[in-house]
Amino acid sequence: MKLIIRDNSNDVTEWAAKYVIKRIKEYNPGPDNYFVLGLPTGGTPLGMYKNLVRAYKNGKISFKYVKTFNMDEYVGIAEEHPESYHRYMFDNFFKHIDIDPNNVHILNGNATDLKKECEEYERKITESGGIELFIGGIGPDGHIAFNEPGSSLVSRTRVKTLAQDTILANARFFDGNVDAVPKQALTVGVGTVMDAREVFILITGASKAYALYKALEEGVSHMWTVSAFQQHGNTMIICDEDATLELRVRTVKYFKDMWSVHEKLNELVSEQAMRKLVL
Ligand code: GLP
């Protein structure tokens with residue numbers, strides 16, 4: 001697992017956008033070779049979407065040959081609801097770029113048969129050739145997508161009841177009204193994300209510091225589902241300084257040193273290459 005530490009959340013989201021652009025360009029997608037991208041919602045990736053939209057508007061990137069699969073969606077709220085993940089994705093990203101809406105996939109939390117909806121989602125991912133780059137965020141309890149503590153680490157897309165901590169954390173999006181937060185969601189499983197060829201997780205803020213510590217310094221545990229990615233061959237976590245507050249100084253130094261060596265060896269992510277890419 002790689003860990004990149006940036007000064008603050010703005011640097012994290014800017015770097016993340018640049019990385020996504022570089023990966024898509026390097027892949028060189030076309031009509032017979034779509035780039036398949038897994039996408040998160042939440043406050044953390046907002047800056048990444050803003051930067052991606054800016055880059056698109058400045059002619060730096062096209063999403064014409066990109067297919068997307070979102071991580072999750074609440075059950076039982078209308079797609080037009082201001083807090084639905086459909087609305088979030090269209091308002092913050094899709095409506096500003098050149099992606100074909102047919103290539104956008106978001107779980108339908110209002111499907112009459114939710115189980116079938118989840119099975120179909122897995123089928124569509126497989127049909128698209130699997131996910132090239134799955135971008136994720138985490139909750140303060142270390143959940144990825146909506147894979148709450150105790151979720152199976154080989155889980156697939158399914159209906160999930162939300163943990164009380166998640167309901168409380170997400171109440172901020174529902175005018176602080178805990179009762180208005182949906183209690184269930186559809187979510188890709190840990191196993192679904194594990195199948196992606198690359199996983200890229202954004203973690204910012206002190207409220208996620210303990211989860212980052214669990215993900216990095218302790219063992220794999222279903223109680224901190226993000227820790228499963230210790231067993232993924234190609235996972236990169238990008239975080240800000242605040243998110244490192246629970247890590248040992250030794251761990252932070254280790255990853256910083258490691259990254260500076262990696263940057264020197266890897267043209268794609270070198271500081272120089274990243275600086276050159278103006279969004
Ligand atoms: C929700 C989503 C997760 C997301 C998390 C963190 O629980 N299901 O996919 O990563 O929120 O959101 P934020 O970035 O707002 O802290």
Side-chain angles (χ1 to χ4, degrees), residues 6 8-10 12-13 16-17 37-51 68-77 81-89 91-93 105-109 118 121 131 133-151 155 157-176 178 180-190 192-194 196 199-212 214-215 224-229 235-240 242-243 245:
R6 300 275 114 182
N8 55 51
S9 60
N10 284 339
V12 165
T13 53
L37 187 60
L39 292 174
T41 53
T44 312
L46 267 178
M48 177 185 75
Y49 291 128
K50 277 203 185 89
N51 280 305
T68 64
F69 286 88
N70 260 81
M71 292 198 125
D72 43 19
E73 176 57 290
Y74 289 116
V75 167
I77 61 173
H81 188 287
E83 293 310 328
S84 84
Y85 289 170
H86 276 78
R87 180 80 183 266
Y88 172 106
M89 288 308 300
D91 285 357
N92 293 304
F93 193 36
H105 303 89
I106 307 178
L107 284 152
N108 176 8
C118 295
Y121 205 66
I131 291 175
L133 176 67
F134 218 135
I135 307 171
I138 65 164
D141 60 2
H143 71 244
I144 179 128
F146 269 128
N147 293 288
E148 301 285 25
S151 291
S155 50
T157 305
R158 67 207 184 291
V159 185
K160 196 79 189 82
T161 302
L162 304 189
Q164 190 61 15
D165 277 356
T166 304
I167 295 171
L168 293 175
N170 289 357
R172 69 191 195 278
F173 299 120
F174 293 81
D175 296 327
V178 175
V181 185
K183 307 295 179 283
Q184 283 193 313
L186 302 186
T187 179
V188 293
V190 180
T192 318
V193 186
M194 284 289 280
V199 179
F200 183 40
I201 303 171
L202 278 50
I203 304 180
T204 60
S207 68
K208 309 275 176 74
Y210 195 66
L212 180 60
K214 285 283 182 182
W224 299 86
T225 53
V226 65
S227 67
F229 294 91
T235 289
M236 180 154 73
I237 293 181
I238 182 164
C239 72
D240 61 1
D242 284 353
L245 290 177

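Both counts, for ligands and for their atoms, begin at 1 and track the order of listing.
With sequence neighbours left out, Ala169 forms a side-chain contact (heavy atoms from CB on, under 4.5 Å) with Arg172. For Lys214, the salt bridge (charged side-chain N to carboxylate O under 4.0 Å, His left out) partners are Glu218, not counting sequence neighbours. Remark: Asn108 engages Glu79, Asn110, Ala111, Glu117 in a side-chain contact (heavy atoms from CB on, under 4.5 Å) (not counting sequence neighbours).
Atom CZ of Phe134 is separated from atom CE of Met194 by 13.0 Å, given to the nearest 0.5 angstrom.
The side-chain heavy atoms of Val193 and Met71, taken from C-beta on, include a pair separated by under 4.5 Å. A 4.5 Å side-chain heavy-atom check between Ile203 and Thr44 finds every atom pair outside the cut-off.
Listed by chain and residue number, the protein contacts of ligand 1 are Gly42, Gly43, Thr44, Asp72, Tyr85, Gly137, Ile138, His143, Ala145, Phe146, Thr166, Asn170, Arg172, Phe173, Lys208 (heavy atom within 4.0 angstrom).
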